[in-house]
Amino acid sequence: MKTVYTCFTTDVIHQGHRSLIRQARKYGEVTVGVLSDEAMVCFDRFPTISFPERVALAESLEGVDRVVVQNRILYDDIIRDLRPDYVIHGDNWCSGPMKAVRDNVEALLAAYGGRVVDVPYTYSEETMRTDRRMRERAAMPEYRRKRLRQLLKLRPAVKAIEVHSGLTGLIAEKTVIENGGVFDQFDAMWISSLCDSTAKGKPDIELVDMTSRLRTVDEVMEVTTKPIILDGDTGGLAEHFMYNVRTLERMGISAVIIEDKKGLKKNSLLGAQAEQTQEEIERFSEKIRAGKRAQLTDDFMIIARIESLILERGMEDALRRAEAFTQAGADGIMIHSRKRDPAEIFEFCGRFRARDGATPLVAVPSSYDAVTEEELAAHGVNLVIYANQLTRSAFPAMQRTAEEILRFHRAREADSRLMPLKDIITLIDQL
Ligand code: SPV
Ligand code: MG
């Protein structure tokens, strides 16, 4: 009896899957691989049901002889272990980023005479509706909110990128690259106070109020499913912070990061040019405690951001604060630096990790941008935030276009650098 293998990356079974299994049966005994959570989150789908539930779904399908776990998007291990005669898949993997995976499977099978079978992908009303429903489920507050905590368990370092609008949200949501069969995408979105304020033409001094910040969050949420980390500035008064925690949780935001400054907050990257005062340890700890008391779910995270290195208060102060804020209930510690050399970040992480192996550490490599996520993860960082790069890349491009139109009294000279009209129209999903 010949053997056939196929891999499922779905939370919902529809007629497309049933038809694939029926076709697979014609070739031999059918084994279904269920992609592990770790592998699935690197891909463009986040599971909304657990791995055992996905296994049970595959097992319940008529015509399936065996279900196994597939731990990587590339099939190397599975093909080595099972040596199937055929690998069957919808023909949607014949183009786009999945083509690299298909090519890899084809080469692996060819080595011993196996064969890839591409079957026409089922684009029926039912499959498209089910697929859309599955994606939209991931956007619901109860799924989205807990996703950051889930990712922190699954990813060596969770990576977030700054977004400040529906459009930048779509970029964070949809940008996936394939590099040698390895897929990469952003895990989460950061709603930066700097970029949210800049998009509104305002300084980053807590002038854009919470109502307006939440409008931005809502705009992003409307068109995305990935988890959101809100830059909560100083968190304001503890009495107000408590109410805001409830609102953020209810909306489905995963985490708020508040920084230990007081008075008129200015952007950290201004450094010593701006006069800024750090909050006393006890008062800031009380704000964290107040927020944690107000919190209703176990999913939401309050992350404390330490500004001691920014304000040149020294490493000992930073470490003392990290310990106090963790004791007060902070679900994570963000350490910030404006040096180009990451030495002080590495020292902080090393010394913090020597005492605390569990509390998530957050880094924002805006100034020390030569450091890779892998290096940060090796020093114990769990969440890496690219805090302002989309804004900083868009602004010069727009300014150059404006200048060219003024110089030539027409748009033709700028056109070759512009996104084609057709592409911008199709960028947005139609319901
Ligand atoms: C932001 O993105 O608004 C931040 C990070 O708070 S920083 O700009 O580096 O202070
Ligand atoms: Mg900020």
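Ligands are counted one by one from 1 in listed order, and the atoms in each one are counted from 1 as well.
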Starting from [atom], which protein heavy atom do you reach first, and at what distance in Å?
atom                   : result
atom 8 (O) of ligand 1 : Asn267 ND2, 2.8 Å
atom 9 (O) of ligand 1 : His336 NE2, 2.7 Å
atom 2 (O) of ligand 1 : Ser192 OG, 2.8 Å

Side-chain heavy atoms of Ser254 within contact of Ile228, under 4.5 Å: no
Backbone or side-chain N/O/S of Asp231 under 2.8 Å of the Mg ion (ligand 2): yes
Mind checking whether the Mg ion (ligand 2) has an N, O or S of Ser268 under 2.8 Å? no
Of all the atoms in ligand 1, which lie at a distance below 4.0 Å from a heavy atom belonging to [X]?
X      : answer
Leu269 : 8 (O), 9 (O)
Ala387 : 2 (O)
Ser268 : 10 (O)
Leu194 : 1 (C), 3 (O), 8 (O)

Applying the salt bridge (charged side-chain N to carboxylate O under 4.0 Å, His left out) test to Asp233, which of Arg305, Lys262, Lys265, Lys266 qualifies? Lys265
Using the salt bridge (charged side-chain N to carboxylate O under 4.0 Å, His left out) definition, which of the options Arg289, Lys287, Arg320, Arg321 pairs with Glu282? Arg289
Would you check if the side chain of Arg353 reaches a backbone N or O of Asp356 as a donor-acceptor pair within less than 3.5 Å? yes
Tyr75 and Tyr5 aromatic ring geometry - parallel, tilted or perpendicular at 30°/60° bounds: perpendicular
Look at the rings of Phe8 and His17 and say which category their plane angle falls in: under 30° parallel, 30 to 60° tilted, over 60° perpendicular. tilted
Please state whether Arg305 comes within less than 4.0 angstrom of ligand 1, counting heavy atoms only. yes
Would you check whether Val364 reaches within less than 4.0 Å of ligand 1, judged by its heavy atoms? no
Quick one: does Glu259 get an N or O within less than 3.5 Å of an N or O on ligand 1? no
So is there a nitrogen or oxygen of Ser366 less than 3.5 Å from a nitrogen or oxygen in ligand 1? no
Can you tell whether the side chains of Lys200 and Asp196 come within less than 4.0 Å, N to carboxylate O? yes
Residues Arg250 and Glu142 bridged, charged N to O under 4.0 Å: no
Quick check: closest heavy atoms across Arg145 and Ile253, and the distance to 0.1 Å? CG-O, 3.3 Å
